[in-house]
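Input: a single structure, listed below in structure tokens.
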2 protein chains.
Amino acid sequence: MSAPKILDLGSLKQACKSCSLHDLCLPLGVGDEELQMLERIINRRRPLQRKDHLYRPGDRLHSIYAVRSGTVKTYTLTDDGQEQITGFHLPGELLGLDAISDGVHPCAARALETTSICEIPFDRLEELSVRIPGLQHQLFRIMSREIQTDEQFMMLLGKKASDARLAAFLLSLSTRLGMRGFSRTEFNLTMSRNDIANYLGLAVETVSRLFTRFQNAGLIEVHRKLITIYNLDGLQVVAGAQPVEEPRCCKGQCEGDQPEGN
Amino acid sequence: MSAPKILDLGSLKQACKSCSLHDLCLPLGVGDEELQMLERIINRRRPLQRKDHLYRPGDRLHSIYAVRSGTVKTYTLTDDGQEQITGFHLPGELLGLDAISDGVHPCAARALETTSICEIPFDRLEELSVRIPGLQHQLFRIMSREIQTDEQFMMLLGKKASDARLAAFLLSLSTRLGMRGFSRTEFNLTMSRNDIANYLGLAVETVSRLFTRFQNAGLIEVHRKLITIYNLDGLQVVAGAQPVEEPRCCKGQCEGDQPEGN
DNA sequence: CGCCGCGTTGATGATCCTCAACCGTTGTGG
DNA sequence: CCACAACGGTTGAGGATCATCAACGCGGCG
């Protein structure tokens, strides 16, 4: 790679403590001096540009990664070469945990926008977590959390209708962004409609229609990539609903029955 | 519980080494004397009867569990009280890893048949894995594996049609049973059709129809709970197929167009 | 300026869910 | 021992949701 000296080393050594993902990344539950040990094994990488790969399926696991800023999507390729997105990763979230079992990345990871990343060599992380029980515990917790959210997502795909999926997706973004200080009600969709549809197991057209339906129902407003949420509770209702149950917010309301039309 | 002395303590102390799940459970990658340390913290529980709960959502995490024999299903309750099955756990597989992050079980676990279980107190397991790096590594691997299979399952629910889901489900059972010495081609479905449908995000009727379709196509034979797989490769093809693509094995073949009828 | 990618909208159709009836098995009580 | 009910599973008919195909609008970029 032999990157030109784009980053000055001073900023590279900036402490994890001051990192915006301070409370979501690993350090939680780790003491001060231990935090320093952790910092010493963490490398800052040159920022990824949009569409750059962080790793590809089949790459050997060297490190796990934490998103500092930007967005990364992870995806697998199906038997016939189609892409299936397995997750979008926002600042403060870890990537690559699924590679530990085989020592090889089963997914690809790709930046959706300019993205900066912390790299944590896994072998050194393992050594360290033997010496710092709090760190080990934290790693268990993080992996457990991922299993848990995956299970929730299985429920989404298995039981919920299209509108509930999209609503839940927006709420998930809202919550995760809100947790680290961004606005919960106004943010950019860094991924394409195609990516959203792929992730939620829907067709692009369906996602598009749902956005307009949500907008007509007054739940949100969409301007290209910019989402403004007007009614978080309303979205919750849509997200919670089971398929074909009680009438959903935007079933009777915006199915096209409104006299005032478009 | 003060269980009556149904089990003699001798058999309780039977070593993990001789356990049928020897290579799938924790011990892999752990030395002999370390295996003994592990055995000392593991408790054998009285067998669960069908429909007994191992834990319920909201229960505090005391232990994680390994299935020794039998089957356990884990499920969550949706907002409106419906059950969503998150997994079926066969001998040699671990349960409860999703509870580590919050210290509380987000799922319920329930026996589908008479089932014997090993109980591993989690706090002691954590202590031990600080002292036995190989154990820590193994735990990371097991959790990583679960994340990985969850991701695969997301793809199943998001991208695959009903027949591919069921085929993949049967293949998963076949592989997992085969890995520990059971027949890959003939086994009992310990779960009800309802459970299968729930798990795969389908209606019971659909599952039922698919079984007969698979059977008419000569892929399998079904007699109530007993499944016999005649054509593993054929199932692979069905499982790999994307929805609405090239004609699937049992689309033209058994859609009812066969002159010879049933 | 024109092309291209992305997103939106409309029409059509297939998959799969729902509702309903039926059948075989299991278990219970007379 | 049989009758009956309860349950799980199967099969059929109809319909809703959502995918597909197609066309169009819009913004960005060469």
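Just so we're clear, the structure is a prediction, and the values are computed from it rather than from any experiment. Each chain gets a letter, A, B and so on, in the order its sequence line appears, and its residues count up from 1.
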- Mind checking A/Ser192 for me? I need base, sugar-phosphate or nothing, with any heavy atom below 4.0 Å counting as a touch.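 Sugar-phosphate only.
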- Query: Under 4.0 Å between a Lys/Arg side-chain N and an Asp/Glu carboxylate O for A/Arg45 and A/Glu119?
  - Reply: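 Salt bridge present between A/Arg45 and A/Glu119.
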To the nearest Å, how far apart are [X] [atom1] and [N] [atom2]?
X	N	atom1	atom2	value
B/Lys159	C/dC16	NZ	C1'	18 Å
A/Leu202	C/dT8	CG	P	14 Å
A/His223	C/dT8	NE2	C1'	14 Å
B/Ile196	D/dG9	CD1	C1'	11 Å
A/Leu157	D/dC18	CG	P	13 Å
B/Asp195	D/dG9	CG	P	9 Å
B/Lys160	C/dT15	NZ	C1'	17 Å
A/Leu166	D/dT17	CG	P	17 Å

- Message: Applying side-chain contact (heavy atoms from CB on, under 4.5 Å) to A/Phe182 and A/Phe187, what does each step give before you reach the verdict?
- Response: CA-CA 8 Å; A/Phe182 297 102; A/Phe187 49 85; over 6 Å; no
- Query: Is the side chain of A/Thr115 donor-acceptor paired with the backbone N or O of A/Ala111 at a distance under 3.5 Å, no angle test?
  - Reply: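 Judged by distance alone, no pair lies under 3.5 Å.
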For the side chain of [X], starting at C-beta, report the closest nucleotide among [options].
X	options	answer
A/Glu205	D/dT10, D/dA22, C/dC16	D/dA22
A/Ala203	D/dT20, C/dT8, C/dC16	D/dT20
A/Ser208	D/dT20, D/dG9, C/dG7	C/dG7
A/Thr212	D/dC18, C/dT8, C/dC16	C/dT8

- Task: Compute the ring centroids of A/Phe153 and A/Tyr199, then answer whether they are less than 6.0 Å apart.
- Result: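 Ring-ring flag for A/Phe153/A/Tyr199: true, centres closer than 6.0 Å.
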- Query: Are side-chain N/O atoms of A/Thr71 and A/Glu113 paired as donor and acceptor at under 3.5 Å?
  - Reply: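 Side chains of A/Thr71 and A/Glu113: pair found under 3.5 Å.
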- Verify whether one side chain among A/Ser162 and A/Thr206 offers a donor that lies under 3.5 Å from an acceptor in the other.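 Side chains of A/Ser162 and A/Thr206: no pair found under 3.5 Å.
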- Query: Does the base of C/dT18 carry an N or O that pairs as donor and acceptor with the side chain of B/Arg209 under 3.5 Å?
  - Reply: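 Side chain to base: pair present.
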- Can you name the residues that form a salt bridge (Lys or Arg N to Asp or Glu O under 4.0 Å) with A/Asp195, not counting sequence neighbours?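 Only A/Lys73 meet the salt bridge (Lys or Arg N to Asp or Glu O under 4.0 Å) criterion with A/Asp195.
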- Look at B/Lys225 and D/dG8 and indicate whether a side-chain polar atom (N or O) is within less than 4.0 Å of OP1 or OP2.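 Indeed not, no polar side-chain atom of B/Lys225 lies that close.
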Identify each atom pair where a protein N or O and an N or O of nucleotides 21-27 of chain C are less than 3.5 Å apart, giving names and distance.
none

